[in-house]
Amino acid sequence: MDGMRIVVLTGGIGGARFLLGVRAYARAIGAEVTAVVNVGDDLYLHGLKVCPDLDSVMYTLGGGADPERGWGRVAESWTVREELAAYGAEPAWFGLGDRDLATHLVRTTRITAGYPLHQVTAALATRWEPGVRLLPATDDRLETHAVVDLDGRQRAIHFQEWWIRHRAEIPTHRFVFVGAEDAKPAPGVTEAITEADLVLLAPSNPVVSIAPILAVPGLRDAVTAGKAPVVGVSPIIGAAPVRGMADRCLNVLGIECSAAGVGGLYGGRASGGLLDGWLVAEEDAATVVPEVRVHAAPLRMTDEAATTAMVHAAVGLM
Ligand code: GDP
Ligand code: CA
């Protein structure tokens, strides 16, 4: 469909890989892509604003990501981290590479000068030319925290501390999107969703990548009330996430780690949920989500061609 407008709601690594396929699909048919990216993982480290999901998407689409590690820059070096460790500077658990740090320095300088995150993101993207429009879900502070039992008491800790430092292995009660009630969609986000011909939910973590985007007041309504069909792609194949620890996040919500579990969490649009279509892996072909069209296809994003084929299958569910 020439001139088709596609919006993708996305987290970091899984979403970034998926976007490689969406971009290839879009280039072939002359479609426009807007990625609405989770900011719930963002944090300040050593005085610098770090946006892990925006950077994963920007580096991956810009050809600058480390394909092995999955996050951060290719050909990275770690001199600054070693020097920080020599000072005993905390936190030491977050990996900040030297090349990556340049991004955070440029971003922080501009944020400090008063530019909103969406403008700073666009400025950073002029270097990387990601080929899709990158928009943070919000310019405002919205941080995912985990409410946990730690040191004998209940506390809320930043998602990154929960995920990286504690490996999601401590007793966890729930997640909170701090600041969400007062957050506004970044300029362009609501318009992009409203004017879209198709909204895709990337195979990102439903609990801590997609949910914080939809927690920005107005965004969930824009998706559910929009004219565009909404098609989700399962991040779970069989009973496990393809990579990472999404199962631990689903556990906290008491949701089964399966394509059916995540499909049920999103729910069908006809019953107040999000989905018109749900793309699952071939091994999950028997998945049923009430009032949702379910289709099975190979869902392993092994290379761009495989991922583009996945996107074709998702578009087929429109
Ligand atoms: P994060 O923000 O960096 O954690 O990345 P996302 O939330 O965007 O994506 C994480 C999810 O991507 C995980 O739950 C994985 O299961 C999923 N994922 C990673 N690789 C693949 C793949 O090849 N196929 C599918 N279907 N899902 C994948
Ligand atoms: Ca993330």
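Whatever order the structure lists ligands and atoms in, that order sets their numbers, starting from 1. Heavy atoms only: backbone and side chains are in, while hydrogens, waters and symmetry mates are out.
M301 N, 2.8 Å is the protein heavy atom nearest to atom 23 (O) of ligand 1. The nearest protein atom to atom 27 (N) of ligand 1, hydrogens excluded, is given as V242 CG2, 3.5 Å; this is a heavy-atom distance.
Using a 4.0 Å threshold on non-hydrogen atoms, atom 4 (O) of ligand 1 does not count as touching the protein.
Contact analysis leaves G244 out of contact with ligand 1, as no non-hydrogen atom separation drops below 4.0 angstrom. Not a single heavy atom of T10 sits under 4.0 Å from any atom of ligand 1. Look at R243 and you'll find a heavy atom under 4.0 Å from some atom of ligand 1.
The CG atom of L20 sits 8.0 Å away from the OG1 atom of T308 when rounded to the nearest 0.5 Å. Taking OG1 from T60 and CH2 from W128, the interatomic distance works out to 10.0 Å, rounded to the nearest 0.5 Å. A distance of 13.0 Å separates CH2 of W162 from CG of L150, quoted to the nearest 0.5 Å.
With contacts defined as side-chain heavy-atom distances shorter than 4.5 Å, the pair Y25/V33 does not qualify.
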(request) Evaluate side chain to side chain contact (heavy atoms under 4.5 Å, CB included) for C249 paired with W163, printing each intermediate quantity in order. (result) CA-CA 10 Å; C249 300; W163 185 254; 3.7 Å; yes

(message) Pair R269, D276 - check salt bridge (charged side-chain N to carboxylate O under 4.0 Å, His left out), show working.
(response) CA-CA 6 Å; R269 263 223 282 189; D276 297 296; 2.9 Å; yes

(request) Please assess L274 against R220 for the test side chain to side chain contact (heavy atoms under 4.5 Å, CB included), listing each intermediate value before the final yes or no. (result) CA-CA 8 Å; L274 291 162; R220 193 187 164 91; 4.1 Å; yes

(message) side chain to side chain contact (heavy atoms under 4.5 Å, CB included), that's the test. Do N38 and S204 meet it? Break it down for me.
(response) CA-CA 10 Å; N38 173 43; S204 289; over 6 Å; no

(request) Please report the C-alpha distance between D100 and D55 in whole Å, then the side-chain angles of each, then the deciding distance to 0.1 Å, and finally whether the side chain to side chain contact (heavy atoms under 4.5 Å, CB included) criterion is met. (result) CA-CA 9 Å; D100 196 22; D55 288 346; 4.2 Å; yes

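If you check each of P52, P203, A246 against atom 11 (C) of ligand 1, the one with the closest non-hydrogen atom is P203. Here the shortest heavy-atom distance to atom 7 (O) of ligand 1, taken over G14, P298, S209, G11, belongs to S209.
Of all N, O or S atoms in D41, the one lying closest to the Ca ion (ligand 2) is OD2. Within D53, the N, O or S atom lying nearest to the Ca ion (ligand 2) carries the name OD1.
A salt bridge links R300 with E283: the closest approach of a Lys/Arg side-chain nitrogen to an acidic carboxylate oxygen falls below 4.0 angstrom. Between D139 and K184 there is no salt bridge, since no side-chain nitrogen of the basic residue lies less than 4.0 Å from a carboxylate oxygen of the acidic one.
Every atom of ligand 1 is numbered from 1 in the order shown, and the set under 4.0 Å from a heavy atom of R300 is 23 (O). Taking every heavy atom of D53 and a limit of under 4.0 angstrom, the matching atoms of ligand 1 come to 2 (O). Within the listing of ligand 1, atoms 6 (P), 7 (O), 8 (O), 9 (O) sit less than 4.0 angstrom from a heavy atom of S204. Residue G12 has at least one heavy-atom neighbour below 4.0 Å for each of these atoms of ligand 1: 1 (P), 2 (O), 3 (O), 5 (O), 6 (P), 8 (O). In the vicinity of P241, heavy-atom distances shorter than 4.0 Å reach the ligand 1 atoms 16 (O).
At a 3.5 angstrom cut-off on N or O pairs, S234 counts as close to ligand 1. Residue contacts with ligand 1: L299 is placed with a nitrogen or oxygen under 3.5 Å of a nitrogen or oxygen of the ligand (distance criterion only). Among the atoms of I236, none of the N or O lies under 3.5 angstrom from an N or O of ligand 1. Checked by distance only, ligand 1 and I13 come closer than 3.5 Å through their nitrogen or oxygen atoms. Residue-to-ligand polar distances place P235 within reach of ligand 1: an N/O pair is separated by less than 3.5 Å. Taking only nitrogen or oxygen atoms, main chain and side chain alike, N205 reaches within less than 3.5 Å of ligand 1.
Using cut-offs of 30° and 60° on the angle between ring planes, the pair H145 and H158 is tilted.
Using modelled atom types, no side-chain atom of H104 and backbone atom of Y44 make a donor-acceptor pair closer than 3.5 Å.
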